[in-house]
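Have a look at the structure below before the remarks.
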2 protein chains.
Amino acid sequence: MSSCDTCVVRNRAICAALDNKEIAALSAIGRRRKLEAGEPLIWEGDDSVLVANVIEGVLKLSTGTEDGREQIVGVVYPSDFIGRPFGATTRHSVTALTDANVCVFSRADFDGFASEHPALEHKLLQRTLSELDRTRHWMLLLGRKSATEKLATFLLDMSERLVQPGCESESGALESFELPFSRQQVADLLGLTIETVSRQFTQLKRDGIVELPSRRAVVIRDRATLEALAG
Amino acid sequence: MSSCDTCVVRNRAICAALDNKEIAALSAIGRRRKLEAGEPLIWEGDDSVLVANVIEGVLKLSTGTEDGREQIVGVVYPSDFIGRPFGATTRHSVTALTDANVCVFSRADFDGFASEHPALEHKLLQRTLSELDRTRHWMLLLGRKSATEKLATFLLDMSERLVQPGCESESGALESFELPFSRQQVADLLGLTIETVSRQFTQLKRDGIVELPSRRAVVIRDRATLEALAG
DNA sequence: CGACACGTTGATGTTAGTCAACTTTGGTGG
DNA sequence: CCACCAAAGTTGACTAACATCAACGTGTCG
């Protein structure tokens, strides 16, 4: 029996392009894999040997300089696609931020399957185009925004992206959520240092714009001001 | 007669996926358009009404904040694809940097055509995946590199990307080239100010690493050092 | 020849980075 | 259960890098 039958992202991942028979064929070349928080899935510079769908959890994509500076270049959520099909090498690492559950394929197998299923490639194309738009937009933050603007933008982005499918609030954005990032990871995402991130959090708290009930919890108290600060 | 017959990027653009009959059909829905340096093709936030292939020239993709700060988020060269198929709006502007020649399609027409030609979509997918990799890698520069590292990385990148197809030097990179950017545009690409860019150029010249025969001309004198500086 | 956009250079200011001490949190084992 | 420890986060003092403001070249095109 296909594990896809019970897959919670069956209708949101690129698999949604496939009918039951096709899904069975795809299922035959994929397998589930569990990852613990912090566990790497793919290393930067590796031959591109696997691709995957995220079923559960959050993972980061990152690159770094030789002397150890790191930049997070993407964050993936359930139903997102991971890896580099149709290409020889991977240009960034993939690491689980939370415990995660992914559906992995050998890249060669996936490439072959995708080439024979245009509907799947179409979904993947749409996703990739959206991701490119999002990534390009993030470049504005990295290149041109101040530390305050960066953190404000980040929190607003999180409040939108951490919404669970099905469990939507009326507005489509959360006022209260748990970050899947440590302070260091927030810094690596925003192109700042951990100290600067910490100071910006403290500032927002002091100004009554957010509450920080625990290390990773955030409550947005004054969204309007936060939006104004986001630039 | 199809203008594709004389198209210099016929075999490098995504059109290479199509046979002569298909090309004729694509040609029927596209038209050539000339752009002058500085002329915009698409505005940020516009409804996505057109897509295009670059035939000749260099164009920038850019976004900005409301208060006028700008970030260049991509640069496209002959044979590259422009625009946002399968999506309602465009998240960044497209502007010619040099006089340019593009082959434009209405987005709706292109979407329809692409959906019926999986080989075309496949090419587009490959291109989009590569562009995403490149864009993500650039995030490391924006988020984590110093001004010196940024300019060195930029010049090395240019020396590779400005190579004319067919006219390759032995190594595959140019020692001497003409930038398609003003100092301000270099600044917008690197997330710096024009003054900082200017100072970094002067520094590289003083150190004998590059020569600057004219405003936009660059000669790399000491590639090894430049690579070391790129971080 | 002169006007103007583009680029360079210098002086100064501000932001975020660095270095270091200290506090809080959460997990572990006595 | 609580004491202790390591890891994570915060805060402060200081510094460095880049931005800002302003003046001054320089090349280009009518």
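Proteins come first, then strands; the chains are lettered A, B, ... in the order of their sequence lines, and each starts at number 1.
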Q | First encountered from the 5' end of DNA chain D, between A/T202 and A/R144 | A |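 The residue whose closest nucleotide sits nearer the 5' end is A/T202.
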Provide a list of protein-nucleic acid N or O atom pairs under 3.5 angstrom, restricted to nucleotides 28-30 of chain D.
none

Q: Just report the end-to-end axis angle for the helix from C/dC1-D/dG30 to C/dG30-D/dC1, five pairs per end, to 10 degrees.
A: 30°
**Q.** side chain to side chain contact (heavy atoms under 4.5 Å, CB included) partner of B/K60, chosen from B/L97, B/V73, B/V94, B/V76
**A.** B/L97
Test of understanding: with side chain to side chain contact (heavy atoms under 4.5 Å, CB included), list the residues that count as partners of [X], not counting sequence neighbours.
X: A/Q184; value: A/S182, A/A187, A/D188, A/I194
X: A/A217; value: A/E178, A/P213, A/S214
X: B/C7; value: B/V9, B/R10, B/R32, B/I55
X: B/Q126; value: A/F86, B/H122

Q. Going by the side-chain hydrogen bond (donor to acceptor under 3.5 Å, both in side chains) test, which pairs reach into residues 147-157 of chain B, not counting sequence neighbours?
A.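 Every pair satisfying side-chain hydrogen bond (donor to acceptor under 3.5 Å, both in side chains) with a residue in residues 147-157 of chain B: A/R69-B/E149, B/K145-B/T153, B/S146-B/E149, B/T148-B/Q200.
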Q.
Quick check for you: name the first and last nucleotides of DNA chain C, 5' to 3', having an atom under 4.0 Å from a heavy atom of chain A.
A.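 So the outermost contacting nucleotides come out as C/dA16 to C/dT25.
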Q | By ring-ring contact (aromatic ring centres under 6.0 Å, His included) - contacts of B/F154 (at least two apart) | A |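 B/F154: ring-ring contact (aromatic ring centres under 6.0 Å, His included) contacts with B/F181.
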Q) Which residues satisfy the ring-ring contact (aromatic ring centres under 6.0 Å, His included) test with A/F177, sequence neighbours excluded? A) none
Please report, to 0.1 Å, the donor-acceptor pairs under 3.5 Å made by any side chain of residues 44-51 of chain B, with sequence neighbours excluded.
{"residue": "B/E44", "atom": "OE1", "partner": "B/G64", "partner atom": "N", "Å": "3.4"}
{"residue": "B/D46", "atom": "OD2", "partner": "B/W43", "partner atom": "N", "Å": "3.4"}
{"residue": "B/S48", "atom": "OG", "partner": "B/R84", "partner atom": "O", "Å": "2.9"}

Q | Neighbours of DNA chain C within residues 189-200 of chain B, by heavy-atom distance under 4.0 Å | A |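 Going residue by residue through residues 189-200 of chain B, the ones with a heavy atom under 4.0 Å of DNA chain C turn out to be B/E195, B/S198, B/R199.
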